[in-house]
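Data first, discussion second: the structure below is written as structure tokens.
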Amino acid sequence: MRISTQSMFESGALRLGELQTSLVKTQQQIGTGRRILSPSDDPVAAARALEVNQSQSINTQYGRNRQYATNTLTTVEGTLSSVTGLLQDVRDIVVSATNGALTDTERAFQATALNSRLDELLGLANSRDAMGNYVFSGFQTGTSAFVKTSTGATYQGDAGQQLLQVEATRQMAVNNSGQSVFQGGGQDVFKTLTDLVTLLQTPGAPAPATLTTLMGDVDLALDNILTVRASVGSRLQELDSLNEFGEDRGLQYSQILSELQDLDYTQALTKLSQQQFTLEAAQRSFASISKLSLFNFI
């Protein structure tokens with residue numbers, strides 16, 4: 001069988017091209033640290049890596065949602081902590097107001113102190129998060145939760161609860177409506193404080209029964225705040241646990257991806273040396289063969 005000179009050159013060039021391509025691919029693998037540069041390198045592993053990448057992306061998004069939930073609920077908890085301290089101060093003032101020896105002037109001072117607490121409470125109820133959203137307005141985050149009136153305060157938000165997907169099977173409320181916080185538990189804390197201010201501004205000693213009733217309303221408000229705080233604290237604790245699980249799952253996904261995609265550098269460097277040696281040998285061989293001609297024997 002005859003082999004033409006052209007066929008010989010084409011065959012040799014094709015072989016050299018294949019060797020060079022393999023060498024370049026190994027160099028790229030070493031440069032990127034990845035065994036799989038394209039799905040065709042390992043279709044099964046590439047498909048599995050795609051699935052794991054998608055799962056990892058979802059897990060990362062849950063982590064971002066949990067961080068947002070944590071930030072928001074921490075703001076709520078901090079605000080409610082201040083409200084708790086404020087209502088305890090109010091209670092102390094009301095207790096002192098039961099002293100029948102107080103003069104109208106002294107009770108007026110107490111009324112002024114309570115009115116300041118009322119304004120402070122209104123400011124806390126209209127707290128905003130880091131993004132400027134009102135945290136107690138339900139879905140109406142761009143509207144202040146309460147506006148002061150002559151009889152207390154009017155709620156301007158709604159009862160909406162903002163839910164975040166913090167895990168595959170868990171949605172969590174990251175807010176509490178101002179109505180349930182400040183006007184729940186069987187009382188309206190703004191009306192209670194307004195009534196107390198009016199009572200202490202009125203000349204003459206207040207009726208003990210009236211003060212007792214208002215004191216009970218303050219206690220109801222305080223109990224309601226503490227109940228909401230317990231709920232917020234429980235959610236924050238759950239988020240901590242979910243974060244631990246999420247971080248562990250993220251590490252597992254990273255390990256799986258590493259096993260599927262990462263390069264064995266020792267094996268790759270050995271392969272690179274072999275490919276370089278083979279290519280150089282093939283180049284020398286091709287160069288020698290390409291010089292052969294019948295004219296060399298004439």
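Sequential numbering from 1 along the given sequence is applied to the chain's residues.
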Task: Leu164 vs Met172 side-chain heavy atoms within contact, under 4.5 Å - done: no

TODO: Heavy atoms only: give me the nearest Leu257-Ala49 pair and the separation to one decimal.
DONE: CD2-O, 3.6 Å

- [ ] Quick one: name the residues clustered hydrophobically with Tyr62, using the 4.5 Å side-chain heavy-atom rule over I, L, V, M, F, W, Y, and just say none if it's on its own.
- [x] Ile58

Task: Shared hydrophobic cluster, Tyr134 / Val174 (ILVMFWY, side-chain heavy atoms < 4.5 Å) - done: no

Open item on the list: A side-chain contact here means heavy atoms from C-beta on lying under 4.5 Å apart; do Leu251 and Glu247 qualify?
Closed with: no

Open item on the list: Please evaluate residues Asn71 and Gln67 with respect to the criterion side-chain hydrogen bond (donor to acceptor under 3.5 Å, both in side chains), reporting the C-alpha separation (whole Å), side-chain torsions for both, the decisive distance (0.1 Å), and the verdict.
Closed with: CA-CA 6 Å; Asn71 292 341; Gln67 184 60 55; 3.0 Å; yes

Task: Modelled atom types, side-chain donor and acceptor of Gln156 and Ser137, under 3.5 Å - done: no

Task: Donor-acceptor pair, side chain of Asn126 and main chain of Phe146, under 3.5 angstrom - done: yes

Task: Rounded distance [0.5 Å steps], CG in Leu196 versus CZ in Arg117 - done: 13.0 Å

Side-chain atoms of residues 179-190: list all donor-acceptor pairs with protein atoms under 3.5 Å, sequence neighbours left out, distances to 0.1 Å.
from, atom 1, to, atom 2, distance (Å)
Ser180, OG, Ser177, O, 2.8
Ser180, OG, Ser177, OG, 3.2
Gln183, NE2, Ala153, O, 3.4
Gln183, NE2, Asp188, OD2, 3.0
Gln187, OE1, Val189, N, 2.8
Gln187, NE2, Gly184, O, 3.0
Asp188, OD1, Phe190, N, 3.0
Asp188, OD1, Lys191, N, 3.3

Open item on the list: Testing the 3.5 Å rule here: is there a donor-acceptor pair between the side chains of Gln252 and Asp248?
Closed with: no

TODO: Before giving the answer on side chain to side chain contact (heavy atoms under 4.5 Å, CB included), spell out for Asn175 and Phe136 the whole-Å C-alpha distance, their side-chain angles and the decisive distance to 0.1 Å.
DONE: CA-CA 7 Å; Asn175 72 316; Phe136 294 113; over 6 Å; no

Open item on the list: Counting C-beta onward and ignoring hydrogens, is there a side-chain heavy-atom pair between Gln162 and Thr141 closer than 4.5 Å?
Closed with: yes

Task: Nearest-0.5 Å distance that lies between atom CG in Asn115 and atom CD in Glu120 - done: 12.0 Å

- [ ] Apply side-chain hydrogen bond (donor to acceptor under 3.5 Å, both in side chains) to the pair Ser231 and Arg235, showing each step before the final yes or no.
- [x] CA-CA 6 Å; Ser231 172; Arg235 279 174 277 173; 3.1 Å; yes

- [ ] Dump the intermediate steps for side chain to side chain contact (heavy atoms under 4.5 Å, CB included) on Glu238 and Ser234, then the final yes or no.
- [x] CA-CA 6 Å; Glu238 182 182 354; Ser234 176; 5.7 Å; no

- [ ] Could you tell me whether a side-chain N or O of Asn224 sits under 3.5 Å from a main-chain N or O of Leu220, the two making a donor and an acceptor?
- [x] no

Open item on the list: Is there a path of hydrophobic side-chain contacts, each under 4.5 Å between heavy atoms of I/L/V/M/F/W/Y residues, joining Leu102 to Met215?
Closed with: no

Open item on the list: Regarding Arg48 and Glu51, does a basic nitrogen lie under 4.0 Å from an acidic carboxylate oxygen?
Closed with: yes

Open item on the list: Show the nearest heavy-atom pair for residues Leu114 and Leu193, with the distance to one decimal.
Closed with: O-CD2, 4.5 Å

- [ ] Check step by step if side chain to side chain contact (heavy atoms under 4.5 Å, CB included) holds for Val135 and Arg128.
- [x] CA-CA 5 Å; Val135 296; Arg128 305 190 192 202; 5.8 Å; no

Task: Any side-chain donor near an acceptor of the partner, Arg66 and Thr70, under 3.5 Å - done: no

Task: Polar side-chain atom of Tyr155 near backbone of Asp158 as donor-acceptor pair, under 3.5 Å - done: yes

Show me, pair by pair, the donor-acceptor contacts under 3.5 angstrom made by side chains of residues 200-214, not counting sequence neighbours?
from, atom 1, to, atom 2, distance (Å)
Thr202, OG1, Thr198, O, 2.8
Thr212, OG1, Pro208, O, 2.8
Thr213, OG1, Ala209, O, 3.0

TODO: With side chain to side chain contact (heavy atoms under 4.5 Å, CB included) as the test, would you mind laying out the steps for Gln110 and Ser96 before giving the verdict?
DONE: CA-CA 9 Å; Gln110 291 178 326; Ser96 66; 2.8 Å; yes

Task: Verify same cluster id: Leu242, Tyr253 (apolar side-chain graph, 4.5 Å) - done: no

- [ ] Please confirm whether the backbone N or O of Thr169 pairs with a side-chain atom of Glu167, one donor and one acceptor, at under 3.5 Å?
- [x] no

Task: Asn59 (side chain) donor-acceptor with Gly246 (main chain) under 3.5 angstrom - done: yes

Open item on the list: Using side-chain heavy atoms (C-beta onward) and a distance below 4.5 Å, is Tyr68 in contact with Met131?
Closed with: yes

- [ ] Working to the nearest 0.5 Å, report the span between CG of Leu87 and OG of Ser82.
- [x] 11.0 Å

- [ ] Report whether Val95 and Leu222 are members of the same hydrophobic cluster (ILVMFWY, side-chain heavy atoms less than 4.5 Å apart, transitive linking).
- [x] yes

Task: Heavy-atom side-chain contact between Arg229 and Val76 under 4.5 Å - done: no

TODO: With side-chain hydrogen bond (donor to acceptor under 3.5 Å, both in side chains) as the test, would you mind laying out the steps for Asn65 and Gln165 before giving the verdict?
DONE: CA-CA 7 Å; Asn65 291 351; Gln165 195 77 35; over 6 Å; no

TODO: Taking Asn243 for its side chain and Leu239 for its backbone only, find out whether a donor-acceptor pair lies under 3.5 Å.
DONE: yes

Task: Atom pair CD1/OG of Ile93 and Ser116 - distance to nearest 0.5 Å - done: 9.0 Å

Task: Inter-residue atom distance Leu86.CG - Leu80.CG, 0.5 Å rounding - done: 12.0 Å

Open item on the list: What's the separation between atom OG in Ser81 and atom CD1 in Ile225, rounded to the nearest 0.5 Å?
Closed with: 11.0 Å

Open item on the list: Within a 6.0 Å radius of atom CZ on Arg249, are there more than 12 heavy atoms belonging to other residues, nucleotides or ligands?
Closed with: yes

- [ ] State, yes or no, whether a side-chain contact exists between Val166 and Gln171 at a heavy-atom distance under 4.5 Å.
- [x] no

